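Here the structure is a predicted model, which is why all the values come from computation and not from measurement.
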Amino acid sequence: MIADLANGLYAKKPMLSNSISAKDWLSLVTRVVGPILAAIDLENPIQMAANKALAELNKELDDTDWNFHKRTFLFGCSFIQRHEIPPFTVGPVTIRRRETWLDHFLEQGRITPVTHRRLKARWSGKKLRPRKRSPERFAEEDIIEAVGEAPFICSVETDGLFGEVAKEKALLAARLTLLGVALMWASPRKALEDINLVYDGPPYRQVYNFYQERSDMLGGSRWVNSLYGISLFKEAWEPLIAKHSDWWTILSETIRFLLGHPDRTSRPKLMNSFAHALIWFHEACREPMPIIAITKFMSCLDALACGRMASGITALVSRQIGVEPDAPIREDGPSFKKAIDDLYSQGRSRLLHGNSDRLGHDWEDQRGLAETLARLCLIACFHWAVEHPTCSDPRQMALPD
């Protein structure tokens with residue numbers, strides 16, 4: 001009955017869904033309603049008692065400080081192999097070398113000098129003696145578990161969020177920031193193979209074996225959740241970041257939109273389209289099955305095209321990439337329009353509707369094509385959004401200036 005009451009109150013406060021989960025809200029209601037129910041005078045008529053209890057409950061829920069305050073989440077991650085890069089910030093997300101982050105944490109007074117010294121020693125490969133039970137020991141163990149063997153720490157600031165919603169939104173912000181970096185590579189999907197969060201699991205090998213008529217056993221393996229990081233040469237990082245400044249502007253705006261209330265954003269409709277597109281693109285890059293990845297890449301393009309299906313995607317690609325719909329996508333290849341129609345129909349719609357007749361085909365080349373189209377279009381839309389800072393209508397991205 002308390003759960004029903006909590007759900008009813010939750011439904012009447014639609015803005016709560018952006019800041020607290022229904023499960024966490026139930027825990028708050030449960031915590032407050034007990035003393036109120038215990039204080040009911042059973043001599044009073046039931047309706048009078050119920051009205052009074054409801055009024056007290058609403059007042060308590062509205063007036064109590066439930067700690068929706070700013071909090072910073074920490075996720076160990078891989079990033080760039082060349083570890084000397086400076087802190088990289090995109091809106092509320094900052095990625096630092098773990099040693100740099102540790103120095104910053106000490107300056108803030110959040111860890112003791114002993115914990116600082118021990119963690120640096122551990123990360124340099126030294127074996128540490130166990131500490132006595134204390135808050136400092138637990139803080140040290142928490143950091144070790146969160147960072148693991150990752151060389152970087154991704155910190156995400158949230159404000160006005162509670163419990164599970166705060167954590168999930170922080171994770172999404174971290175993942176989209178890593179995706180933004182991966183977009184600088186021709187194949188973000190392959191780049192993300194080396195950029196991972198410790199939260200998503202430690203590195204491990206996927207191994208398979210098979211045999212045929214011969215007696216010898218064959219097989220193969222690959223690393224998953226690698227913490228190796230992307231390879232860069234010499235001083236390539238900072239010029240690369242500066243070259244794509246438009247990306248970080250729009251990515252920052254999108255992440256702030258996801259972490260806040262939509263009505264506090266100056267371009268909510270446009271940021272909503274970018275948020276959907278980035279989420280689908282990220283999921284496509286992480287998807288192991290080529291045909292499912294195509295579905296997700298095309299969903300990314302569909303989000304940018306405001307759900308206007310293949311024709312809308314063709315118009316968007318034509319406008320943003322600067323190609324004619326009837327132009328060949330490669331020498332002796334199909335036109336852009338034909339390629340998009342095929343990807344949308346066979347790689348998305350028919351698969352989702354359960355009537356694809358190519359389910360067992362090799363979709364690897366088509367996955368590469370869908371990835372390239374989605375990447376180029378997403379990047380072009382970022383540039384467009386920077387050049388049109390007052391436009392909030394994503395449909396304008398497919399229209400000529």
Passes salt bridge (charged side-chain N to carboxylate O under 4.0 Å, His left out), E164 versus K23? Steps please. CA-CA 9 Å; E164 190 72 9; K23 181 179 179 181; over 6 Å; no

Take T115 and T112, measure what side-chain hydrogen bond (donor to acceptor under 3.5 Å, both in side chains) needs, and give me the verdict at the end. CA-CA 5 Å; T115 300; T112 64; 3.1 Å; yes

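In this structure, SG in C381 is found 4.0 Å from CD in Q320, a value given to the nearest 0.5 Å.
Contact of the F75 side chain with the V198 side chain is not registered, since no non-hydrogen atoms from C-beta on lie closer than 4.5 Å.
A donor-acceptor distance shorter than 3.5 angstrom exists from the side chain of R98 to the backbone of A150, with no hydrogens or angles considered. Remark: side-chain polar atoms of N7 are paired, donor with acceptor, to backbone N or O of A3 under 3.5 angstrom.
Residues satisfying the ring pair (Phe, Tyr, Trp, His ring centres under 6.0 Å) criterion with F105, sequence neighbours excluded, are W101.
Using a cut-off of 4.0 Å between Lys/Arg side-chain N and Asp/Glu carboxylate O, E253 and R267 are scored as salt-bridged.
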Report, one line per pair, each donor and acceptor closer than 3.5 Å where one atom sits in a side chain of residues 305-316; sequence neighbours left out.
residue	atom	partner	partner atom	Å
R308	NE	A305	O	3.0
S311	OG	R308	O	3.3
T314	OG1	A310	O	2.9

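Residues F382 and W248 place their aromatic rings such that the two centres sit no closer than 6.0 Å. In summary, the aromatic rings of W237 and F88 are positioned with their centroids under 6.0 Å apart.
Contact between W66 and L61 at its shortest, heavy atoms only, is NE1-O, 3.1 Å. When all heavy atoms of L192 and L179 are compared, the pair lying nearest together is CD1-CD1, 4.0 Å. Shown here for A186 and R375, the closest heavy-atom pair between the two residues is O-CD, 3.6 Å. The two residues L176 and I279 come nearest to each other via the heavy atoms CD2-N, 4.2 Å. M298 approaches I340 most closely through the heavy-atom pair CE-O, 4.2 Å.
Of the N and O atoms on the side chains of D24 and S21, at least one donor lies less than 3.5 Å from an acceptor on the other residue. A donor-acceptor pair shorter than 3.5 Å cannot be found between the side chains of D302 and H276. Using a 3.5 Å distance cut-off with no hydrogens or angles, the side chains of R205 and S221 do pair a donor with an acceptor. For the residue pair T72/S155, the side-chain donor-acceptor check at 3.5 Å is not satisfied.
Within the structure, every pair that satisfies the salt bridge (charged side-chain N to carboxylate O under 4.0 Å, His left out) test and touches residues 176-200, not counting sequence neighbours, is listed here: R175-D200, R189-E364, R189-E371.
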